[in-house]
Each structure stands twice: as structure tokens, then as C-alpha cells.
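All heavy atoms count here, side chains included; hydrogens, waters and symmetry mates do not.
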Amino acid sequence: MSDIPKRITELKASLADGVKLLAVSKFHPAEKIMQAYEAGHRSFGESRPQELKLKYETLPKDIEWHMIGHLQTNKIKYIAPFVHLIESLDSERLAAAIDREAAKCGRTIDCLLEIHVTDEESKSGWEWSELKAFVEQGGFQHYPNIRIRGVMGMATYTDQESIVRSDFERLAACKAALAPYFGEAFDTLSMGMSDDYLVAMEYGSTEVRIGSTIFGEREY
Ligand SMILES: *Cc1c(COP(=O)(O)O)cnc(C)c1O
């Protein structure tokens, strides 16, 4: 029998009150997602739009799909009709494009602002100074078909816990600084992965995104 239901149960028991578990199923086959689904889990995260669309089409329709990977403007159309939350909104150009696709579908799409807080070049996300300036100008008011729900980010990939802590602290501070510009729906701080989610919760994470602890190593 699969360990997936057991791992989900154990993870949930380790989460602070009110923290949501997003099961990151990228690169894992539909059968594994179904094992989690049959254990009652409904929120899954994917990083590639075409893979997300294919899984949406083949799996039960009450799954909430979260887009957590870098999104190119020409691929929004694959997920716009059904995506529950786009966590990787990282530029004005992308905001404009999501807004257009959402309008075409007659939907409002919920999004998180992905913020880049590490020194690593490879990680995507807004630079804080640019995002802050854009928000202060009321930039998102031009995009009525997206609703900004909060902030998403990643900590540095390192064994040095002090660096991870300061990254999460920064993300939490960014979320607090942005909150006055958005309404009550700005309630999400998505941070923490398999190796660092316990630390992330100390800094106020409301959603942890966990892949390998649930599904094992990814099959690229
Ligand atoms: C892959 C991924 C995760 C999950 O990582 P694990 O280490 O497998 O838990 C979380 N967030 C994002 C943005 C990812 O790309």
C-alpha cells in the first residue's frame, strides 16, 4: 500500500492551527495524486501549465489547482478557465496578461505576489523595491480581473538556518507592508517547503507547499 495517505496525515498533524497544506504534485503521475485524493486531500500545486491542464482534465473536478511555477504570458490560457490560485505572479506584464485571460473567461483569478528575497539569481519573483513602488502607485487597480490574495516566496537553498530564517522574516515583513494596500482578502503567506516548513510557520506562514515529503523524489 502507498505511504502517501499516511504522510499527508502526519504532515497535517505537524501544522500549526489554520495553516493549509498544498500538496506539490509536479512531475508526479495522476495515480499518485489520486492516492492523496482518495485520502481526502484536494489542494495540489503544479509548476508547468500544460501538465496542470492535462491533470485537470483527467482528474476529479473538485480538486483546487495552484500554479506555483514561473508562468509565461502565452501559457496562461491553458489554466485560466479553472485555476484556483496563481502563486507566481512576478511582474506587471504577467499581471496584465492574467487580467486579460481572466476577463475572457468571465472570471476573477486569485493570485499571490511572488517576491524574491534571496541572493540566489535563479529564483524568480518581484524585486521588493519595484513591487513596492508599483503597489504604491495603485498599479493593480488597472487589473480588476485579478484579486491579490497575499505573498509567496522561497528561502535560500542552504543548510544555514539563520539565512533561511532571515528570508522568511523578510517575506513576512513584505506581506505586512503590503497589507494596507489590499482588502481583507489579502490573507495568504505561502512559504515553506519539505525541508523548511517548520521554520516558515514560526514566521507566520499560512500555507506550506510540500512535494517530496508526500510523493517522494520527483521523476523528471
Ligand atoms: C517544487 C516546489 C515546492 C515543493 O518542494 P519540496 O521540496 O518537494 O517540498 C514548493 N514550492 C515551489 C515553488 C516549488 O517549485
### Message
Under the salt bridge (Lys or Arg N to Asp or Glu O under 4.0 Å) definition, can you give me all pairs with a residue in residues 183-206, not counting sequence neighbours?
### Response
R149-D187, R165-E202
### Query
Roughly how far, to the nearest 0.5 Å, is the CD atom of E51 from the OG atom of S25?
7.5 Å
### Query
Can you name the residues that form a side chain to side chain donor-acceptor pair (under 3.5 Å) with K26, not counting sequence neighbours?
none
### Message
If the condition is side chain to side chain contact (heavy atoms under 4.5 Å, CB included), which residues does L198 pass it with, not counting sequence neighbours?
### Response
M201
### Message
Measuring only between side-chain heavy atoms, which start at C-beta, is I79 closer than 4.5 Å to I86?
### Response
yes
### Message
How about CD on Q137, more than 12 heavy atoms from neighbouring residues, nucleotides or ligands closer than 6.0 Å, or not?
### Response
yes
### Message
Under a 3.5 Å threshold, yes or no: a donor from one side chain and an acceptor from the other, between E217 and S212?
### Response
no
### Message
Let me confirm one number: the CG-CD distance from D99 to E101, rounded to the nearest 0.5 Å.
### Response
10.0 Å
### Task
Please name all residues satisfying salt bridge (Lys or Arg N to Asp or Glu O under 4.0 Å) with E31, sequence neighbours left out, ordered by chain then number.
none
### Query
Below 4.0 angstrom, N of the basic side chain to O of the carboxylate: do E10 and R7 qualify?
no
### Residue list, ring pair (Phe, Tyr, Trp, His ring centres under 6.0 Å) with Y143, at least two apart or on another chain
none
### Query
What's the spacing between F82 CZ and K53 NZ if we round to 0.5 Å?
8.0 Å
### Message
So L71 and P49, do their side chains get closer than 4.5 Å, heavy atoms only?
### Response
yes
### Summary
K6 meets the side chain to side chain donor-acceptor pair (under 3.5 Å) criterion, sequence neighbours left out, with none
### Message
Tell me whether S91 contacts the main-chain N or O of L94 through its side chain, where contact means a donor paired with an acceptor under 3.5 Å.
### Response
yes
### Summary
So OG of S194 and CZ of R209: to nearest 0.5 Å the spacing works out to 10.5 Å
### Message
Can a side-chain donor-acceptor contact be found between E114 and S88 if the only test is distance below 3.5 angstrom?
### Response
no
Result block: side-chain N/O donor-acceptor pairs under 3.5 angstrom for residues 166-179, not counting sequence neighbours:
residue: S166; atom: OG; partner: I163; partner atom: O; Å: 3.1
residue: D167; atom: OD2; partner: T156; partner atom: N; Å: 2.7
residue: D167; atom: OD2; partner: T156; partner atom: OG1; Å: 2.5
residue: R170; atom: NH1; partner: V117; partner atom: O; Å: 3.3

### Task
State whether the number of non-hydrogen atoms from other residues, nucleotides or ligands found under 6.0 Å of N74 atom CG is greater than 12.
yes
Report, one line per pair, each donor and acceptor closer than 3.5 Å where one atom sits in a side chain of residues 125-133; sequence neighbours left out.
residue: W126; atom: NE1; partner: L89; partner atom: O; Å: 3.0
residue: E127; atom: OE2; partner: H116; partner atom: ND1; Å: 3.0
residue: K132; atom: NZ; partner: E136; partner atom: OE2; Å: 3.2

### Query
So, S14 versus Y197: side-chain donor-acceptor pair below 3.5 Å or not?
yes
### Task
Could you tell me the separation between the CD1 atom of I33 and the NZ atom of K55, rounded to the nearest 0.5 Å?
4.0 Å
### Query
Below 4.5 Å, heavy atoms only, C-beta onward: do I148 and F186 meet side chain to side chain?
yes
### Summary
Sorted by chain and residue number, the side chain to side chain donor-acceptor pair (under 3.5 Å) partners of Q160 (sequence neighbours excluded) come out as none
### Query
So, do C111 and I98 sit near enough that their side-chain heavy atoms are less than 4.5 Å apart?
yes
### Task
Answer yes or no: is there a donor N or O on one side and an acceptor on the other, between the side chain of T206 and the main chain of T188, under 3.5 Å?
no
### Query
According to the salt bridge (Lys or Arg N to Asp or Glu O under 4.0 Å) rule, which pairs have a member within residues 77-94, sequence neighbours left out?
none
### Query
Taking the side chain as C-beta and beyond, is there a heavy-atom pair between H66 and M152 under 4.5 Å?
no
### Query
Can you list the residues that meet the salt bridge (Lys or Arg N to Asp or Glu O under 4.0 Å) rule with K75, with sequence neighbours excluded?
none
#### Entry: side chain to side chain donor-acceptor pair (under 3.5 Å) involving Y37 - partner list, sequence neighbours excluded
D62
### Query
Does the side chain of F182 reach to within under 4.5 Å of the side chain of V135, using non-hydrogen atoms?
yes
### Message
Can you give me the closest heavy-atom contact between V199 and Y203, atom names plus distance?
### Response
O-CD1, 3.2 Å
### Query
Should P29 and F215 count as side-chain neighbours, where that means a heavy-atom distance under 4.5 Å?
no
### Query
Do L113 and F134 come close enough that some side-chain heavy atom pair is under 4.5 Å?
no
